[in-house]
Each structure stands twice: as C-alpha cells, then as structure tokens.
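Because only heavy atoms are used, hydrogens play no part in the values below, and waters and symmetry mates are left out as well, while side chains stay in. Start at 1 with the first residue, then count along the sequence.
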Amino acid sequence: MIKINLDRVMLERKITSKALAEKIGITQANLSILKTGKARGIRFATLEKICQTLNCQPGDIFEYEEKTDI
C-alpha cells in the first residue's frame, strides 16, 4: 500500500493547501484528493512541481507499507 505523507511535508514547510495548489497550478479539490490518498495516479509534471515547490524528494511524499491481511 502506498501511504501519502504530503500533509506532513506541507506542515514542515509551513505551506497551506491553498498556497501549494496555486503554486503548482491545480485546484484545491484535486490537491485534497491527492493528500487523502484517493487519487488513482499523479502526473510526473505535477509531482515535479510539488517537489520543486516544497524542496523535497518524491520519497518524502510517498511511502510503501506492506499490506497485512488480518
């Protein structure tokens, strides 16, 4: 399972969803879908803009967790 850590990175960088969405050129609604892990995918161009704006690496945003079935 892929875990999204965008909220944590944004908090560390002290940037709001509104500000990030404006800087990378997407709607706040689409950013929210990405932050909550409901997105089916992300364009590399969008990921590049996020990383550039937040001064981070893709691995700072995405994390792989092994899914355990109980």
With a cut-off of 3.5 Å and sequence neighbours excluded, list every side-chain donor-acceptor pair involving residues 32-53.
| residue | atom | partner | partner atom | Å |
| --- | --- | --- | --- | --- |
| K35 | NZ | D7 | OD1 | 3.2 |
| K35 | NZ | S17 | OG | 2.5 |
| T36 | OG1 | S32 | O | 3.0 |
| T36 | OG1 | I33 | O | 3.2 |
| T53 | OG1 | K49 | O | 2.8 |

Practice problem: Of all the heavy-atom pairs spanning R8 and D60, show the shortest one and how long it is. | Solution: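 Heavy atoms only, the tightest pair is NH2-O, 3.2 Å.
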
Practice problem: Go through the structure and list residues passing salt bridge (Lys or Arg N to Asp or Glu O under 4.0 Å) with E63, not counting sequence neighbours. | Solution: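 Here no residue qualifies.
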
Quiz prompt | Residues that R13 engages under salt bridge (Lys or Arg N to Asp or Glu O under 4.0 Å), provided they are two or more places apart | solution =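 Applying salt bridge (Lys or Arg N to Asp or Glu O under 4.0 Å) to R13 gives none.
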
Exercise. Sequence neighbours left out, what passes side-chain contact (heavy atoms from CB on, under 4.5 Å) with L11? Give chain and number order.
Key: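 Listed in chain order: nothing, the list is empty.
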
Practice problem: State whether the number of non-hydrogen atoms from other residues, nucleotides or ligands found under 6.0 Å of E65 atom CD is greater than 12. | Solution: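 Buried by this count: over 12 neighbours within 6.0 Å.
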
Quiz item: Quick one: does N5's side chain get under 4.5 Å of F62's, heavy atoms only?
Solution: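 When only atoms from C-beta onward are counted, F62 and N5 do not touch, as no gap falls below 4.5 Å.
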
Practice problem: Sort and list the pairs that fulfil salt bridge (Lys or Arg N to Asp or Glu O under 4.0 Å) and have at least one residue in residues 14-34, not counting sequence neighbours. | Solution: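 Salt bridge (Lys or Arg N to Asp or Glu O under 4.0 Å) check on residues 14-34 returns no pairs.
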
Quiz prompt | Same cluster (ILVMFWY, side-chain, under 4.5 Å), L6 and M1 | solution =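 No; tracing contacts between hydrophobic side chains, which count when under 4.5 Å, never links both residues.
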
